[in-house]
Amino acid sequence: MNRENRITWINRLLLPVLNVLTAFAVTAVVFWLIDVNPLEAAEILLYGAFGYEEGIGYTIYYTTNFIFTGLAVAVAFHAGLFNIGGEGQAYIGGLGAGLAIFMLDPTLGAWLFIPASIIGALLFGALWALIPAYLQAYRGSHIVITTIMFNFLAASLMVYLMVHVLREMGQMTPQSELFPTNAWMPFVHDVAAGMGYSIEASPLNLSVLLALVCAVAVWFFLWQTRWGYAIRATGKNSTAAVYGGIKPKRVIIVAMCISGALAGLVSINELVGYQHRLVMDFHLGYGFGGIAVALMGRNHPVGIIVAALLFGTLYQGGAELAFEMSGVSRDIVVVMQGLVILFCGALEYMYRPWLIRTLAPVAQQISAAGVTV
Amino acid sequence: MTMKKFAIELTDIDKRFGAVHANNKVCLQVTEGNIHGIIGENGAGKSTLMSILYGFYQADAGQIDVLGNTYIFTDSHHAIAAGIGMVHQHFMLVENFTVLENVILGTEGGALLAHGLAAARKELTRLGEEYGLKVDLDATIDTLSVGLQQRVEILKALYKGAKILILDEPTGVLTPQETAELFRIFSTLKQQGVTIMLITHKLREIMSITDQVSVMRAGQMVAHRNTCDTDREELAELMVGRKVLLSVDKGAANVRAPLMRVSRLTVVDSQGVERLKDVSFELRAGEVLGVAGVSGNGQTELLEALAGIIPITQGHIEVLGMEMDDKHPLTPDILRGLGLAHVPEDRHRMGLITDFSASESALLGYHTDANINSGVWLSKAKVDANCQQLMQAFDVRPADPQLKSANFSGGNQQKLILAREMERNPEVLLIGQPTRGVDIGAIEFIHQRIIAMRDAGKAVLLVSVELEEIMSVSDRIIVLCDGAISGRINAEDADERTLGMMMANALDPIDPLQAMNDAKSSSNRTAQELDL
Amino acid sequence: MSDLLLTLLLTLDATLRVSSPLILAAMAGLFSERAGVVDIGLEGKMLAAAFAAASVAAVFGSPWLGLAAAIVASCCLALLHGFATITHRGDQIVSGVAINILAAGLTIILGLAWFHQGGLTPALNNESRFLSITLPYAEQLAFIPVLGPIYKELISGHNILVYVAFAVVPLVWWVVFRTRFGLRLRAVGENPKAVDTAGLSVIKLRYQALIVGGILCGIAGAYIGTAYNAQFTRDMTAGQGFIALAALIFGKWRPLTVMLACLLFGFLDALAVRLQGVQIEGFGVIPVQLIEAAPYILTVVLLAGFIGRAIPPKAVGTAYVKER
């Protein structure tokens with residue numbers, strides 16, 4: 001095993017595991033700081049997330065959102081772009097879904113409504129990413145700054161529309177009227193009831209299938225198509241990509257639009273699947289959570305599903321924790337997200353020099369023993 | 001009469017970067033008050049050695065003596081204190097600072113600037129007069145010409161008390177007039193007792209300005225000469241070095257119609273430096289056209305312009321029935337579609353994606369190929385089969401398409417790239433440094449494949465800094481120097497000496513005879529094009 | 001005195017109050033980015049500082065102790081940013097995002113654990129806050145036409161931190177352009193290699209810049225937590241860190257123009273509040289959200305090069321690595 005191999009091995013396996021463990025460890029310290037026994041907290045948390053049917057439903061429901069935004073961040077990452085505009089794209093995606101539904105005749109069937117709302121969410125999410133992408137590709141403005149600005153622009157635009165245009169007649173709360181029932185994404189417990197199984201009601205709806213389809217589609221797109229190849233090549237080495245006839249500007253546009261479209265799908269789960277109307281701030285935290293999910297999932301759909309499930313668990317379990325323990329709130333999940341982004345992202349290579357030094361003798365022994373990788 | 005002491009004495013300096021042995025037990029003695037040239041090709045280890053002397057890197061082993069004292073430099077601060085000043089190849093100037101601000105950076109003389117600036121202004125005016133280094137102290141750097149920026153670098157070193165001045169490739173970015181001015185400054189500095197070390201790969205400069213010269217090759221110091229006792233030809237030979245003679249078995253070329261016609265090609269880079277100047281040639285089916293030259297003389301830009309990677313500033317290129325010029329660029333994918341393949345000079349920067357598996361790197365440039373795609377599906381089986389086939393054809397080891405590209409040896413990476421570009425039967429093949437870092441066995445194999453391409457009626461453009469390779473593989477040779485063609489010769493008439501002369505001779509600013517020929521040939525060519 | 005003048009003065013007065021934290025945070029960003037470190041963590045540092053200030057002021061009853069705590073909290077996050085991006089050469093954006101999210105979560109978690117008020121800190125009494133200061137003779141001089149009201153309504157009657165914010169601007173200008181530290185700071189953000197070859201430590205300079213930024217951000221946070229408001233509330237910085245970042249870009253990384261950008265953005269904010277629901281002849285109601293969004297729109301347009309060009313310090317966003 002030569003040096004290269006050893007480093008690959010450390011990068012691929014050991015470092016990510018160590019980084020996640022560090023994030024967990026620091027979270028435990030935070031628990032300890034606020035006088036909560038981390039083990040006890042973990043137990044309540046796990047019970048809340050998996051201990052009963054409704055809890056499981058919620059957990060998977062939250063997981064669905066994180067899969068969408070995690071995939072969104074990952075697609076941009078593969079093109080070498082950092083999309084922190086997931087928040088805004090998810091929000092505007094909701095506008096697209098809502099407008100698509102309100103534009104159609106309420107008597108139409110679900111077979112038309114649901115695809116229409118999905119297309120609306122995809123298009124509007126993509127559009128909200130397209131502008132920063134265009135500005136990056138053709139005007140050279142930094143995508144991170146523009147996507148931050150677009151998060152705020154999305155918020156302002158939505159407040160205006162919700163208050164002045166889309167608000168339900170005669171209501172004070174800024175929310176739209178209910179979607180026609182035909183437009184609702186079916187709840188999993190309803191579907192199960194239809195098939196003769198009885199499950200406790202929860203917000204979990206069929207959007208989770210959409211999320212899994214997206215995960216497969218993203219995997220297929222990135223690793224099994226020429227477009228995905230072009231995106232990954234540009235992200236890894238744009239000079240070589242240009243040599244290979246790939247056009248980086250086009251890659252930026254395509255990758256960001258896909259990213260924005262995926263983020264837009266959060267609204268399908270949240271609005272079309274559960275709230276059944278346009279509401280304010282349904283997207284809050286999922287866009288940034290997606291960054292943590294993508295970093296922890298190593299930008300691979302399988303990793304992202306696992307990481308999304310972890311954050312879904314924390315979200316739901318955190319609610320249980322807040323209910324059970326007075327001094328704790330669900331914001332512990334936010335802390336954990338921050339720690340994951342810190343240790344799996346910014347401090348990704350913190351342990352590397354140390355690991356290489358410590359493992360060098362071990363690796364030599366292995367290679368001396370004739371084991372090859 | 002007292003013996004002149006050494007300004008610099010380096011003993012057994014050794015430095016490795018990973019697998020690269022950049023400096024291998026290098027020894028050097030530089031006499032005080034002399035101009036000492038250090039010559040060698042790019043990558044010979046000159047810049048590393050100077051960075052060690054300047055405290056920017058630490059040597060793994062060896063001793064540094066400056067003006068009779070032994071030092072261990074752990075950062076540039078120490079070197080500066082010992083009296084060493086350095087003018088880097090890429091200037092270390094803050095572009096939006098004034099000259100004055102740049103000069104005092106690091107030696108401001110107090111927490112507040114006002115006092116230091118005033119003192120520095122006085123001192124710089126004095127230095128400027130003493131050494132003939134006039135420059136507007138309040139101009140910001142980005143408004144100054146490259147020649148003036150370099151002057152600021154020299155002033156900066158002198159201001160910090162440099163007694164020994166190291167200049168790394170100082171003329172690379174200068175016009176001939178600016179170069180002449182720089183050499184005038186060198187003479188003045190020498191008169192004032194400053195020791196100058198001039199790092200360059202340009203033989204003419206060494207001959208015209210230095211007192212002594214040391215030659216580096218592949219990390220080692222291979223010769224020391226008094227300039228008056230040597231000549232360009234000897235230095236050129238020492239620089240390039242003699243390699244094991246590789247005979248390439250090849251018959252006579254069966255040359256046919258030109259497949260590529262380059263007319264008056266000029267390329268100016270983003271910094272505004274003219275990298276290619278009025279280059280014209282034809283590349284014909286059934287021949288290998290070699291491009292010789294000391295590296296860094298426009299070869300990289302020539303390859304990239306021909307492959308559609310960098311834009312053309314002037315002139316035009318006719319290739320496989322299509323035309324491109326500054327207004328009508330052809331992109332690399334279009335050119336590849338026409339039947340132009342390109343093996344880039346630098347395999348890590350451009351030739352492959354080191355993080356990708358071999359099978360994916362073997363796809364670079366051909367990922368849209370209908371043979372590999374089934375509709376939208378880039379079939380993994382086909383991608384692997386493609387790689388497997390390429391690996392077999394060029395004997396890439398280990399023949400594992402899943403292995404990460406970075407984990408192959410340099411030779412095997414190169415073979416994979418060559419296989420990718422050659423196996424698709426292109427009409428025109430551009431090859432840069434095909435055997436750099438490749439072992440002897442593979443070199444022979446690669447040369448045979450190039451000849452086989454030629455014999456199959458393809459047009460091959462071969463860029464190499466290895467004269468041996470150019471001479472044995474090419475049919476015709478053009479020599480590039482400072483971005484312009486400085487010689488054309490048939491391979492059978494060429495020997496190392498003649499080529500060395502062309503590479504060196506051409507370093508003279510203008511060779512009247514050559515200029516006339518160039519003008520004639522290009523006007524002929526224009527006439528031909530009008531006929532077409 | 002005309003109503004119009006008074007309305008104008010009150011709006012400008014609000015502008016000063018809204019702009020102050022923006023100015024302090026933007027100056028913090030200026031130090032960091034001038035040194036080559038992108039600072040999108042301004043928001044998080046301010047939030048943490050606001051929380052620290054409100055907590056300590058509530059417990060010890062002193063705004064000054066609160067201020068000190070704010071500075072400590074903000075500097076801790078700044079050092080974390082430095083540890084990740086300077087020492088370990090991590091991605092500056094990712095690190096900034098992490099700091100923002102960490103601060104958003106930790107402030108609530110700790111607040112809940114310490115004060116049990118749903119994440120809020122206890123409301124501060126007047127002794128624990130920075131209160132308005134009436135400048136000498138404000139009342140007596142009020143009768144002077146125009147100038148009198150300007151002095152009384154606009155200039156007088158702010159808390160000490162407002163004056164600090166405006167005093168900091170010329171100070172920053174002086175430090176950045178007239179001192180050795182400023183020269184080195186600007187150099188390290190433009191061309192760190194030039195700094196390294198001059199025998200200076202890039203790492204040390206960048207850490208110093210982050211610390212200065214941490215201090216300024218701390219003051220901004222204390223202002224938000226203990227001067228402008230009287231307790232900490234969830235996410236109370238509400239994007240002001242990002243507005244400050246926008247102002248930094250809009251003001252092209254120069255102290256005086258950055259301050260003007262902050263004033264402009266602050267004015268838009270004050271105007272939005274004042275125009276809430278106001279009917280303007282010929283226009284109807286102006287959407288408040290449009291005015292609120294103006295800073296972001298202006299920044300995007302500027303970044304796209306449609307009005308002038310915002311050219312950041314050259315080395316910003318890249319960790320310094322000695323190349324071969």
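Residue numbering restarts at 1 for every chain, and letters A, B, ... go by the order of the sequence lines. A quick note: this is a predicted structure, and the numbers were derived from the prediction, not measured.
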Which region of [X], side chain (C-beta onward) or backbone (N, CA, C, O), has a non-hydrogen atom less than 4.5 Å from a non-hydrogen atom of chain A, or is it both or neither?
{"X": "B:Arg420", "value": "side chain"}
{"X": "B:Leu352", "value": "backbone"}
{"X": "B:His348", "value": "backbone"}
{"X": "B:Thr368", "value": "both"}

**Fill in**
CG of B:Leu276 to CD1 of B:Ile312, rounded to nearest 0.5 Å, is 10.0 Å

**Heavy-atom contact with chain B under 4.5 Å, split by part of A:Phe220** = side chain

Which side-chain N or O atoms in residues 71-85 of chain A pair as donor and acceptor under 3.5 Å with protein atoms at least two apart or in another chain?
residue : atom : partner  : partner atom : Å
A:His78 : NE2  : A:Asn299 : O            : 2.9
A:Asn83 : OD1  : A:Gly85  : N            : 2.9
A:Asn83 : OD1  : A:Gln89  : NE2          : 3.2
A:Asn83 : ND2  : A:Gln89  : OE1          : 2.9
A:Asn83 : ND2  : A:Ser259 : OG           : 2.7

Without swapping roles, check the side chain of [X] against the backbone of [Y] for a donor-acceptor pair under 3.5 Å.
{"X": "B:Gln433", "Y": "B:Val465", "result": "yes"}
{"X": "A:Ser238", "Y": "A:Ala241", "result": "no"}
{"X": "B:Glu427", "Y": "B:Lys458", "result": "no"}
{"X": "B:Lys15", "Y": "B:His21", "result": "no"}
{"X": "A:Tyr229", "Y": "B:Glu360", "result": "yes"}
{"X": "B:Asp269", "Y": "B:Val273", "result": "yes"}

**Request:** Test side chain to side chain donor-acceptor pair (under 3.5 Å) on B:Tyr366 and B:Glu423 and set out the steps.
**Result:** CA-CA 12 Å; B:Tyr366 302 95; B:Glu423 280 295 285; over 6 Å; no

**Prompt:** Under a 4.5 Å heavy-atom cutoff, which of B:Asp355, B:Leu364, B:Ile353 has the most pairs with chain A?
**Reply:** B:Leu364

**Asked** Do you know which of B:Thr331, B:Ile309, B:Asn373 has the most heavy-atom pairs with chain A at a distance under 4.5 angstrom?
**Response** B:Asn373

**Fill in**
With sequence neighbours left out, the residues meeting side-chain hydrogen bond (donor to acceptor under 3.5 Å, both in side chains) with A:Lys247 are B:Asp333

**Fill in**
Among residues 135-148 of chain A, those lying within the under-4.5 Å heavy-atom range of chain B are none

**Prompt:** Any side-chain donor paired with an acceptor under 3.5 Å for B:Glu345 and B:Thr300?
**Reply:** yes

**Cationic tip of B:Arg336 above A:Tyr243 ring, under 6.0 Å, 45° of axis** = yes

**Proximal to chain A - members of residues 374-382 of chain B, heavy-atom separation under 4.5 Å** = B:Gly375, B:Val376, B:Trp377, B:Leu378, B:Lys380

**Request:** Applying ring-ring contact (aromatic ring centres under 6.0 Å, His included), run through A:Trp227 and B:His367 and close with a yes or a no.
**Result:** CA-CA 9 Å; A:Trp227 305 301; B:His367 63 285; over 10 Å; no

